[in-house]
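One structure below.
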Amino acid sequence: MPQVTDATEDGLPGALPAFAELVLDLVERIPPGRVMTYGDVAEYLDQGGPRQVGRVMALYGGSVPWWRVVRADGRLLPGHEQRALAHYGEEATPLRDLADPIRVDLRRARWDGR
DNA sequence: GTGCTGACACAGG
DNA sequence: ACCTGTGCCAGCA
């Protein structure tokens, strides 16, 4: 059926919470070389908060370009820096440093959905 | 219903 | 650069 099932009801197995769907959809459409902060994602969706976004990413982030979602400081996910750095190299994401805590240059890489 | 947890943000030290 | 406390909201035992 061409109709889109409302995933708000998690009665079906494999169905994700509505908020999770929104977050994943948004993250998936972040263009290469760009990033969004957790707070930005929540603000863009106009619901939930940074923590909820983080939780969704922790659970389902494995299916989306999670490296395009960083902290407000531009810092990467602890433990995944190496992984994200490899992607940044491919997507030419502007970085601020390479020695100290690897940080993204939000000044240029921040994506606001436009 | 309560309480803890979490891939956060911000302010202070 | 680091850690701590507080506020925020959703999911789960």
Side-chain angles (χ1 to χ4, degrees):
Chain A
M1 60 303 246
Q3 293 244 334
V4 182
T5 42
D6 203 9
T8 49
E9 301 302 309
D10 51 275
L12 300 172
L16 300 176
F19 186 69
E21 285 278 343
L22 292 171
V23 172
L24 296 177
D25 183 53
L26 178 58
V27 173
E28 272 186 358
R29 70 190 206 83
I30 297 177
R34 296 293 200 137
V35 297
M36 282 186 91
T37 68
Y38 294 90
D40 284 346
V41 173
E43 188 175 315
Y44 182 87
L45 298 175
D46 190 45
Q47 47 187 300
R51 310 196 68 145
Q52 280 51 260
V53 176
R55 218 174 63 81
V56 171
M57 295 300 288
L59 293 170
Y60 314 105
S63 301
V64 297
W66 52 264
W67 56 89
R68 291 177 191 157
V69 183
V70 298
R71 292 178 55 149
D73 293 7
R75 269 206 244 153
L76 312 179
L77 280 61
H80 296 276
E81 304 164 321
Q82 187 67 76
R83 202 90 166 88
L85 188 57
H87 288 289
Y88 293 147
E90 296 177 46
E91 305 177 359
T93 306
L95 302 176
R96 271 193 91 185
D97 275 307
L98 291 161
D100 257 300
I102 305 164
R103 288 199 291 174
V104 175
D105 191 345
L106 290 175
R107 190 177 52 181
R108 294 192 295 163
R110 201 176 194 184
W111 185 65
D112 52 2
R114 283 178 282 115

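Since the model is a prediction, treat every value here as computed from it, not as a measurement. The chains referred to below are lettered A, B, ... by the order of the sequence lines, with proteins before strands, and numbering in each begins at 1. Any value given below was found using the heavy atoms of this structure, including those in side chains, with hydrogens, waters and symmetry copies removed.
Here chain A contacts DNA chain B (any atom closer than 4.0 Å to a heavy atom, that is under 4.0 Å), and the contacts span B:dG6 to B:dC10 from 5' to 3'.
Shown are A:R110, A:R71, A:R34; of these, the salt bridge (Lys or Arg N to Asp or Glu O under 4.0 Å) with A:D40 is made only by A:R110. Of the residues listed (A:I102, A:T93, A:V35), the one engaging A:V70 in a side-chain contact (heavy atoms from CB on, under 4.5 Å) is A:V35, and it is the only one.
With rounding to whole Å, A:L24 atom CG is found 16 Å from C:dA10 atom P. With rounding to whole Å, A:F19 atom CZ is found 14 Å from C:dC12 atom P. Atom OH of A:Y38 and atom C1' of C:dG7 are 19 Å apart (whole Å). The nearest whole Å value for the distance from the CD atom in A:E43 to the C1' atom in C:dG7 is 16 Å. In this structure, A:D73 places its CG atom 10 Å from P of C:dC2, rounding to the nearest Å.
Side-chain atoms of A:R51 come within donor-acceptor range of the base of C:dG7, with a qualifying N/O pair under 3.5 Å.
The closest donor-acceptor contact from the side chain of A:Y60 to the backbone of A:V23 lies at 3.5 Å or more, if one exists at all.
Contact annotation for A:A72: backbone-only contact, meaning every heavy-atom pair under 4.0 Å involves sugar-phosphate atoms and none involves a base. At the heavy-atom level, A:R71 lies under 4.0 Å from the strands shown only through sugar-phosphate atoms.
Nearest heavy atoms, A:G33 versus A:P94: O-CD, 3.7 Å.
Nearest-nucleotide mapping onto DNA chain C: of A:R75 and A:G48, the residue sitting toward the 5' end is A:R75.
Around CD of A:E81, the count of heavy atoms belonging to other residues, nucleotides or ligands within 6.0 Å exceeds 12.
Using a 4.0 Å cut-off between charged nitrogen and carboxylate oxygen, A:R68 and A:E91 count as a salt-bridge pair.
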